[in-house]
There are 2 protein chains.
Amino acid sequence: MADVARLAGVSVASVSRALRGEPGVREDLRHRIEGIARQLHYEVDEGARNLRIRHNRTISVVVPHSPAAGESLSDPFLLALIGSIADALTARSYDLLLSRIDTTQVGRLCRDVESRRAMGVIVVGQGHHHEQLNMVADRGVPLVVWGAHIEGRRYATVGSDNRLGGRLATAHLLDGGARRVAFIGDTSLPEVAHRHAGYVDAHHARGLLPPMELTRPAPFVQARVERELASLLAMEPGIDAIFASSDLTAMTVVHALHRAGLRVPEDLQVVGFDDIPMVAQMRPALSSVAQSVEQAGAALLRALEAVVDGAQAPSIVLPTTLQPRESTRLAPCESARQT
Amino acid sequence: MADVARLAGVSVASVSRALRGEPGVREDLRHRIEGIARQLHYEVDEGARNLRIRHNRTISVVVPHSPAAGESLSDPFLLALIGSIADALTARSYDLLLSRIDTTQVGRLCRDVESRRAMGVIVVGQGHHHEQLNMVADRGVPLVVWGAHIEGRRYATVGSDNRLGGRLATAHLLDGGARRVAFIGDTSLPEVAHRHAGYVDAHHARGLLPPMELTRPAPFVQARVERELASLLAMEPGIDAIFASSDLTAMTVVHALHRAGLRVPEDLQVVGFDDIPMVAQMRPALSSVAQSVEQAGAALLRALEAVVDGAQAPSIVLPTTLQPRESTRLAPCESARQT
DNA sequence: ATGAAAGCGCTAACAC
DNA sequence: GTGTTAGCGCTTTCAT
């Protein structure tokens, strides 16, 4: 900046004013300064600027690192979500500091904010770390989590209407003629628990008793899903539909059913969750519950800004919709009336 | 930091020294200071620190924004690559500033570095922006690109051995009995061009003339792939195998072939590229060329560090390997001898 | 409308 | 071993 000032024959104060578009600067001077800056490829030092104004526009986005499961980094939904966040931040000229850390480490979650690198944190997926997240929020770190609204949470959340999604999926299966619908998914995860609650809802709404023995708590890992499915098929021959709590799980399920010589949807219907683009390419094309990814980034940012402004842990729920395809029996038009 | 100093009854200089593990500090004092810092949840202000030491450990990772194609944000390979980079940076205690911008805008690509927010840039995918990338490098911005080594490039690259991959895939198809192998992919992209070169190589190595009329320049967009495939099948009935330049394209191809009543691999063999985890779940399971994602992040970082240290645009090529599955005819064991 | 000077939170000489 | 002080590059009073 000193260089620009010297070349323009003015003080750094004027350069600062000119470059930031402050009013009290003569237009011709401003143009001269801008020209010189451009020529030098000069950009204002963000660190120095932030230090002076005691403020920054960087947001820390944390993708939980799950050493146990291979769940995380092959899921296209996660990429779509991160992309949505990146776009929302870019649109509002925030910077995005990405980190992949173990969410149990409260200290590391807070570090970016406490070292003033970032003004707030977005965590993509709450997993089992409810209590740790509460601790982060208690420490005064502006925090918003993509996930489910949990009783007693002190952090902001943005997430899909998982319960509605679960209800839509299950209703679709039942109305397609299924009587014994299995649920595969790790219900110890809050989001999955809500999907399961919707599954129960749909049964009740039809005067049916949800068959709890058909709920299998398989984590996202492929091998586990296959094992649970095998045991399910062996023990419960009457089963005629499967609601998988993610598309990745559903894909594994369809593949395994095929190897077992069972046809989808003739022998068993299958519905997934997330509606990743790929499921339309499966054979059969997979019915799935779509989340509103495009809205997610903007909603997360809105919630975070509210928290920064002192709001008390707001919570936003985004709509889910059913996308009927070939893996379920009810025709797309018929399923329109579902709830 | 002043707070910590006051509570410890020492000067800020001592706190700074203690917290950074400098030698000349009495052990008991250091412990006292560390205790107080922890208690206050104090973290050193990174911005102020970087300003003072005139240096930082942040790397800008740019995911090209392609307004045209929907190519980008559903590709699991991209997420795996970003994850690999994030892990490599974390392991070496770098921060990752993620942005999703139009790579044609040279100025924005340079901004993070020129505003001293980051010390270098990693671009994930070179697309058609060879010239712009050269301009960035010429501006003195430390730059490394995930992509192909191009004649006349002045920026560092890290990428897969796409030519080898193309050769492996094509050889596998030919040795599985195919005689008219089609290539679907946008050969104007350097990486895809290399895959195509490998396709040509494999033909030559067997004394065959590569059937250039069977090369279709379809971009990653699904609709385009389907159209090209339809025209291909209509015009060239003799076609008996397809090498798709990405797994996503291959999935679309398999789906379209099925709707056209053609069987894979009996009527046509299909092989993809990237080996995303999902292709093993397809019906039939898709043969594919695997890239070394796990190595990618570390290699990119190594190259970037070399550039920062003044190296002249190094270039790293990572191995590719064929993963034979059900969509091709040659048994996995037989295919071991391929080259 | 422009400049001089103080200070954001930190580190690194230099003194003691 | 510890404190004092200058200054990183910027913004912002306060003068002029």
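Because the structure is a prediction, the values reported are computed rather than measured. Naming convention: chains lettered A, B, ... in sequence-line order (proteins, then strands); numbering from 1 in each chain.
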Exercise for the section: Rounded to the nearest angstrom, tell me the gap between atom CZ in R6(B) and atom P in dG9(C). Expected result: 12 Å
Practice task
Starting at atom CG of N50(B), determine the distance to atom P of dA12(C), rounded to an integer number of angstrom.
Solution key: 12 Å
Exercise for the section: Count the heavy atoms belonging to other residues, nucleotides or ligands that lie under 6.0 Å from CE of M1(A), then report whether that count exceeds 12. Expected result: yes
Exercise for the section: Check whether any side-chain N or O of R52(A) sits under 4.0 Å from OP1 or OP2 of dA6(C), and answer yes or no. Expected result: no
Handout entry: salt_bridge(D87(B), R100(A)) N-O dist < 4.0 Å
Key = yes
Practice task
Measure from NE2 on H55(A) to C1' on dT12(D) and round the result to the nearest Å.
Solution key: 17 Å
Problem - Presence of salt bridge, R111(B) and E43(A), under 4.0 angstrom - result: no
Fill in the blank from the handout: From the candidates dT11(C), dT12(D), dC8(C), the one with an atom nearest any side-chain atom of R20(B) is dT11(C)
Between the protein and nucleotides 2-4 of chain D, which nitrogen or oxygen pairs are less than 3.5 angstrom apart?
residue : atom : partner : partner atom : Å
dT2(D)  : OP1  : R26(B)  : NH1          : 3.0
dT2(D)  : OP2  : R26(B)  : N            : 3.1
dG3(D)  : OP2  : S11(B)  : N            : 2.9
dG3(D)  : OP2  : S11(B)  : OG           : 3.0
dG3(D)  : OP2  : S14(B)  : OG           : 2.8
dG3(D)  : N7   : R17(B)  : NH2          : 2.7
dG3(D)  : O6   : R17(B)  : NH1          : 3.2
dG3(D)  : O6   : R17(B)  : NH2          : 3.3

Practice task
Let me see the working for D186(B) and S188(B) under side chain to side chain donor-acceptor pair (under 3.5 Å), right down to the final yes or no.
Solution key: CA-CA 5 Å; D186(B) 183 355; S188(B) 72; 2.6 Å; yes
Handout entry: Options dT11(D), dT11(C), dC10(C), nucleotide nearest the side-chain atoms of M1(A)
Key = dT11(D)
Problem - Non-hydrogen side-chain atoms of R30(A) and I33(A) separated by less than 4.5 Å - result: no
Handout entry: Nucleotide dA13(C), atom P - distance to CD1 of I53(B) in whole Å
Key = 13 Å
Practice task
Could you tell me whether the side chain of H129(A) reaches within less than 4.5 Å of the side chain of V145(A), counting heavy atoms only?
Solution key: no
Practice task
Figure out the CG/C1' separation between L19(A) and dT2(C), and round it to whole Å.
Solution key: 16 Å
Exercise for the section: Check DNA chain D against residues 36-46 of chain B and give the residues with a non-hydrogen atom under 4.0 Å, in numerical order. Expected result: none
Exercise for the section: Report which part of the nucleic acid L51(A) touches: base, sugar-phosphate, or nothing (heavy-atom distance under 4.0 Å, all strands). Expected result: base
Handout entry: Nearest-nucleotide pick for A48(A), side chain only, options being dC10(C), dT12(D), dC10(D)
Key = dC10(D)
Practice task
For I33(B) and dG1(D), give me the distance from atom CD1 to atom C1', rounded to whole Å.
Solution key: 11 Å
Handout entry: SB check D102(A) R108(A) (cutoff 4.0 Å)
Key = no
Exercise for the section: Assess whether atom NE2 of H128(B) is packed by more than 12 heavy atoms of other residues, nucleotides or ligands within 6.0 Å. Expected result: yes
Completion exercise
Tightest non-hydrogen contact, residues S160(B) and S292(B), listed as OG-N, 4.5 Å
Completion exercise
Here the distance between atom P of dC10(D) and atom CD of E22(A), to the nearest Å, is 15 Å
Exercise for the section: Report yes if at least one side-chain N or O of R54(B) is closer than 4.0 Å to OP1 or OP2 of dC8(D); otherwise report no. Expected result: no
